[in-house]
Asker: 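My structure is below; once you've seen it, I'll send some questions.
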Protein chains: 2
Amino acid sequence: MLLELRELQLNTEKYLDKEIELNGWIKKIRSQKNFGFIELNDGTFFNGIQIVIDDTLPNFEEISKLTISSSIKVYGKLVKSEGKGQDYEIKADKVEVYDKSDSDYPLQNKRHTFEFLRTIAHLRPRTNTFFAVFRVRSILAYAIHKFFQEKNFVYVQTPIITGSDAEGAGEMFRLTTLDLEKLPRTEKGDIDFKQDFFGKESNLTVSGQLNVETFCTAFKNTYTFGPTFRAENSNTPKHAAEFWMMEPEIAFADLDVNMDVIEEMIKYIVKYVMEHAKEEMEFFNKFIDKELFERLDVLMNSGFERITYTEAIEILKNAKQDFEYKVEWGIDLQTEHERYLAEKHFKKPVFVTDYPKDIKAFYMKLNKDRKTVRAVDLLAPGIGEIVGGSQREDNYDVLLDKINQMGLNEQDYWWYLDLRKYGSVPHSGFGLGFDRILMYITGMTNIRDVIPFPRTTKNLEF
Amino acid sequence: MLLELRELQLNTEKYLDKEIELNGWIKKIRSQKNFGFIELNDGTFFNGIQIVIDDTLPNFEEISKLTISSSIKVYGKLVKSEGKGQDYEIKADKVEVYDKSDSDYPLQNKRHTFEFLRTIAHLRPRTNTFFAVFRVRSILAYAIHKFFQEKNFVYVQTPIITGSDAEGAGEMFRLTTLDLEKLPRTEKGDIDFKQDFFGKESNLTVSGQLNVETFCTAFKNTYTFGPTFRAENSNTPKHAAEFWMMEPEIAFADLDVNMDVIEEMIKYIVKYVMEHAKEEMEFFNKFIDKELFERLDVLMNSGFERITYTEAIEILKNAKQDFEYKVEWGIDLQTEHERYLAEKHFKKPVFVTDYPKDIKAFYMKLNKDRKTVRAVDLLAPGIGEIVGGSQREDNYDVLLDKINQMGLNEQDYWWYLDLRKYGSVPHSGFGLGFDRILMYITGMTNIRDVIPFPRTTKNLEF
């Protein structure tokens, strides 16, 4: 009976003393004259299984000389192991070879730096760390979908290509099918984008929010989850040119509802990963970040604090700590401030609301004080901001004023303004950087190490 | 108690004679001197609910004059309705107005063409048809994730930006951050892409397959699901420049396993949608395509046929039907041929395998006859091809030969070739065009009408 390793490992009692077949790659091999041991893994489970081979195999000679990463098929019986390190093993009756791995396989059994492993991103998921990272990435993505789908949210795949270049969230990548060597020109001598694929200038999106807002006025509960792009020359461990964002948008919802959803979602997805990737999470807690479980425990089990920006500024001013950036009302909070609030002062996640309007985006709802907007950032111990959101401006005139004040082009927003003409409602939403929350959940500290094939400045391999 | 409409509609007995609150938009309104009726919907359920208003409301005058799409909050009691057309209604005790919709709201209660509705893509999900389309889109996307996650497949978010321009699947969009008015030049006078964001030429991906293959050699069971792009000037109802593709890749799997997974998946996702979007699917069957349920029934309940390309050619040659494109061994099957096989000959979905190598991609496994490759297309009644896949070439030398024969650049594929050096295994995968299958499941006939904000030639609004 051909099994997957996962099925076998989770049901060893069921298969004990049964004849089974297992495919896999050799993770370790050591052999002596008459017998040997192979650690085999087919990729379906974190922990491999030991295969015992001996010279009753007709091809023992060939098998005992196989290299790491060779692919084989094993026929044998699952038995209790008398050796140390495993409870069960497979006594092989027959071993077939798919392919002997070339001996220059770069992942021999020694430690490699993450920097080196980035240069072989096509092979690094075969290592323990990246095997764990990318399975957790998959499970986390699914947890997000599951959370929202079970609440009857509609998943909206907002467009990647956009004609807008003015969302103000950052530098954009331009897209074109024009021949750069023969750029067509208008009579005036400008580049004639009318001849480009879309008949106008086009860019890669920096956010799906404005698009998903339109759908929230049809479905009430919506979210988008997809790739977004920033052409920023930021060579830091936290920035990638291509990353995934999850952006829910909820109609008939004020900022309090928004915070309720954020808190419930964060707790849900962390719990889901802890339950569905036990082996992987234990690995991270043991080898990547020894405080990981402690931090995630706080996240799952505390009620998140809620304070205003103005209150946060007071707390920071009274803090017995020197900050690099001076604290005064009106500043954008820096990571040092955010971490002080979450780690030192509250010792748990904290929502900060009602930021000064000048440091926040045009679409955030203006408060009655006309100085602050209904923004919210969730700050978490060990990282700082992990979620940013707001109640949206639902008043047509106020929004139009803001668009003009910020020097944006009113014509680009006709459809966004329409939402405030035809049955405007209070609505709120937020954005969760998927790669950032994955870093938080795994303890990995460089965004390049949580994205399958990361795209950063001057880096576009694979 | 504030409820969502979905909760109310699915549990009317529970809330009968209870005081409830409901937000929503006015879908229809008719009123006389002392009373009136509003059809209200908050976006959470396909069918709205009737609100009865009368002049015991202090603001009856205002409410009775509200326009379509105005947003309100209703307080009242759920009661059995004595009128025709609904079993329940809400007798309003109080109605608050969020916003009276402007009277130029374009979606008044009359039929609009799909063409017109595309020009107001930000409002069209408020119509019955698009409300149904986009909820089904969401549920279908989730069904795909659920199917694969429950089988322990790892979701790999393959990159959107690629340095490759040679996958051969179609025209690509170029990406740049260079100033087009001042393109930097090398000493030789060429455009100096070393100065571009990634230090080289970059494009939008046409497929995640090659990338996901690398992960399948770590996890065995993998899939990617994300946007892909074609810069093709095809102004047809089936082509969009930006569309979503789902591409599974399975190690230790030959073409038979591949077909098993395709068949199981197709049946699963269609059943899932039928169960989770009952009202929407009934709407499609009634108003969009009266043969829809019949077609989906065949899909869910027949065993799919499996024939070779060579057998398919024989069947077509013997067909008592004239084809526009002449049938002979070696041709690429046209939609007319595909539909004949599925609709007329087999009257159910049919897998066609082992196509001539010259009409298929370089990475497909060469058969022993050296003339055909282990490709598979799934043909379905009413549409033709809906899935394409193959077993991949796992022999290093054969693959390298193919790359060279097809004039591709070997250097671009070093990492792809590596997979055949370090423990190569038989592996297979396929691609499902998400928007196309959504069209098939809803009966919608233009891809522009199943994508929230479609991107096509000369069309980049919103």
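Every chain is numbered from 1, with letters handed out A, B, ... down the list of sequences. As the structure is a computational prediction, the values presented were derived from the model and not from experiment. Note: hydrogens, waters and symmetry copies are ignored here, and every other heavy atom, side chains too, is used.
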Asker: Between Arg420(A) and chain B, with a heavy-atom cut-off of 4.5 Å, which part of the residue counts as in contact: side chain, backbone, both or neither?
Answerer: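 It is the backbone, since no side chain atom gets that close.
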Asker: Indicate the ring-plane relationship of Phe462(A) and Trp415(B), choosing parallel, tilted or perpendicular according to the 30° and 60° boundaries.
Answerer: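 Perpendicular: the ring planes of Phe462(A) and Trp415(B) meet at over 60°.
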Asker: Please state whether the side chain, the backbone, both or neither of Leu204(B) comes within less than 4.5 Å of a heavy atom of chain A.
Answerer: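 Just the side chain, heavy atoms under 4.5 Å.
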Asker: I'd like to know which of Gly199(B), Ala251(B), Pro159(B) tops the heavy-atom pair count under 4.5 Å against chain A.
Answerer: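 Greatest number of close heavy-atom pairs with chain A: Pro159(B).
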Asker: Over 60° means perpendicular and under 30° means parallel, so classify the ring planes of Tyr98(A) and Phe252(B), tilted if in between.
Answerer: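 Geometry flag for Tyr98(A) against Phe252(B): tilted rings.
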Asker: Which of parallel (below 30°), tilted (30 to 60°) and perpendicular (above 60°) describes His276(A) and Tyr272(A)?
Answerer: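 Parallel.
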Asker: Could you pull out all residues at least two apart from Thr456(A) that satisfy side chain to side chain donor-acceptor pair (under 3.5 Å)?
Answerer: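 With neighbours one apart ignored, the set is Asn459(A).
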Asker: What part of Phe45(A) lies closer than 4.5 angstrom to a heavy atom of chain B: side chain, backbone, both or neither?
Answerer: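 Neither the backbone nor the side chain of Phe45(A) comes within 4.5 Å of chain B.
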Asker: Who among Val425(A), Asp42(A), Asn41(A) has the most heavy-atom pairs with chain B under 4.5 Å?
Answerer: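 Of Val425(A), Asp42(A), Asn41(A), Asp42(A) has the most heavy-atom pairs under 4.5 Å with chain B.
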Asker: Ignoring hydrogens and geometry, is there a side-chain-to-backbone donor-acceptor pair from Thr222(B) to Glu249(B) under 3.5 Å?
Answerer: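 Side chain of Thr222(B) to backbone of Glu249(B), a donor-acceptor pair under 3.5 Å: yes, one is there.
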Asker: Which one of Thr67(A), Val97(A), Val154(A), Ile120(A) has the most heavy-atom pairs closer than 4.5 Å to chain B?
Answerer: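 Among the listed options, the one with the most contacts to chain B is Val154(A).
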Asker: With sequence neighbours left out, what residues match His145(A) under ring pair (Phe, Tyr, Trp, His ring centres under 6.0 Å)?
Answerer: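 Testing His145(A) for ring pair (Phe, Tyr, Trp, His ring centres under 6.0 Å), a comparison that skips the adjacent residues, returns Tyr155(A), Tyr223(A), Phe225(A), His145(B).
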Asker: Between Ser103(B), Pro227(B), Cys216(B), which has the largest tally of heavy atom pairs under 4.5 Å with chain A?
Answerer: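 Going by pairs under 4.5 Å, I would pick Pro227(B).
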